[in-house]
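Everything on this sheet refers to the single structure shown next.
Everything numeric in this text was worked out from a predicted model, so none of it was measured.
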Amino acid sequence: MFKPTYKTLALVVAGLALAGAAQAQQRTASGGTYTPIDPIRIGGHVGYNFDAEDFALGAQATMPLTRMFEIYPSFDYYFQDIGTLWALNVDLKIRPPTPQGALYVGGGLNYLHFSDAGFSNGDTNLNLLGGFELRRQPLHPYAEARLILGNGSAFQLVGGVSFNLH
């Protein structure tokens, strides 16, 4: 069985951070002009995990593959009374055709890591998520619900803001 290590996680995060935006193109109604997809967006968020009963502070990136599909890595740090708890998520967002593409759903993998006084434990889980993001602004505020399914399922709500990288 594959057991993620810090080196593996660091390699995945570095690869996602350094990956360039795919430049999918779409032909317009006039026939000759191409329009690139949205740029990569990065940002921060705050939230609350209802099962751990902890506030979270995190960061996310959105890397469009097409107008409908986006790779969505994120990191959450949970403010616990005892020990350290953090999560690394790699998800695929799907944007159904809606006005301004504001709604999204998706899923992916979650790696949840806890450590305290020499004890360390990590679990790999599944994510299901849904949210709303305003994409017609210089800044892109969003709100999201995430269900983490696995060893000790959890539910969390986050809200934040992303901005375009050019």
Side-chain angles (χ1 to χ4, degrees), residues 2-19 21 38-65 69-96 98 101-135 137-165:
F2 176 73
K3 182 167 174 111
T5 64
Y6 288 111
K7 290 179 183 176
T8 304
L9 290 173
L11 184 61
V12 169
V13 170
L16 291 172
L18 296 174
D38 295 338
I40 293 176
R41 299 182 302 282
I42 62 171
H45 60 259
V46 295
Y48 188 77
N49 186 304
F50 290 90
D51 294 270
E53 297 180 349
D54 289 321
F55 285 96
L57 182 63
Q60 75 282 344
T62 302
M63 296 175 274
L65 298 173
F69 297 102
E70 300 171 327
I71 295 175
Y72 181 52
S74 63
F75 174 81
D76 293 308
Y77 178 84
Y78 299 96
F79 292 93
Q80 295 208 304
D81 293 333
I82 299 173
T84 303
L85 181 64
W86 55 267
L88 180 63
N89 305 289
V90 179
D91 299 300
L92 179 67
K93 276 197 226 178
I94 303 167
R95 293 189 178 277
T98 60
L103 298 176
Y104 63 87
V105 296
L109 293 176
N110 162 276
Y111 178 74
L112 188 63
H113 184 83
F114 174 78
S115 61
D116 179 39
F119 173 77
S120 182
N121 184 39
D123 289 315
T124 303
N125 305 294
L126 295 176
N127 283 325
L128 296 176
L129 57 99
F132 180 84
E133 178 183 27
L134 296 177
R135 295 173 49 184
Q137 310 287 330
L139 296 176
H140 305 272
Y142 76 97
E144 176 182 287
R146 179 181 300 266
L147 181 61
I148 302 165
L149 302 170
N151 187 10
S153 296
F155 178 74
Q156 72 182 30
L157 294 174
V158 300
V161 64
S162 296
F163 60 91
N164 294 343
L165 289 180

(request) Enter the distance from F75:CZ to L57:CG here, rounded to the nearest 0.5 Å. (result) 9.0 Å

(request) Any chance you could measure I71, atom CD1, to L65, atom CG, to the nearest 0.5 Å? (result) 4.0 Å

(request) Measure across P39 and N164 and return the closest heavy-atom pair with its distance rounded to 0.1 Å. (result) CG-CG, 3.6 Å

(request) Flag the pair E133 / K93 as yes when at least one side-chain heavy-atom distance between them is below 4.5 Å, and no otherwise. (result) yes

(message) Within this structure, what is the CG-CG distance for the pair D76 and N49, rounded to the nearest 0.5 Å?
(response) 8.5 Å

(request) For the residue pair L157 and Y48, establish whether any side-chain heavy-atom pair is separated by less than 4.5 Å. (result) no

(message) Nearest 0.5 angstrom please: L165 CG to I42 CD1, how far?
(response) 4.5 Å

(request) Verify, without hydrogens or angle tests, whether N125 (side chain) and N151 (backbone) share a donor-acceptor contact under 3.5 angstrom. (result) yes

(request) Can you see which heavy atom on L129 is nearest to which on G107, and at what distance? (result) CG-N, 4.4 Å

(request) Could you check if a side-chain atom of F69 sits within less than 4.5 angstrom of a side-chain atom of L92, using non-hydrogen atoms only? (result) yes

(message) Please check this pair: side chain of N89 against backbone of N110, looking for a donor-acceptor N/O pair closer than 3.5 Å.
(response) no

Could you tabulate the donor-acceptor pairs under 3.5 Å formed by side-chain atoms of residues 77-84, not counting sequence neighbours?
{"unit_1": "Y78", "atom_1": "OH", "unit_2": "Q156", "atom_2": "OE1", "d": "2.7"}
{"unit_1": "Q80", "atom_1": "NE2", "unit_2": "D54", "atom_2": "OD2", "d": "3.0"}

(request) Anything under 30° is parallel, anything over 60° is perpendicular, the rest tilted; go ahead and classify Y142 against H45. (result) perpendicular

(request) Locate the shortest heavy-atom distance separating Q60 from S74; write the atom from each residue and the value. (result) CB-CB, 3.9 Å

(message) If I compare all heavy atoms of S120 with all of H113, which pair ends up nearest, and what's the gap?
(response) OG-CE1, 2.9 Å

(request) Please round to the nearest 0.5 Å and tell me the distance separating atom CZ of F132 and atom OH of Y104. (result) 10.5 Å

(request) To the nearest 0.5 Å, tell me how far L126 CG sits from I148 CD1. (result) 10.5 Å

(request) Answer yes or no: is there a donor N or O on one side and an acceptor on the other, between the side chain of H140 and the main chain of F163, under 3.5 Å? (result) no

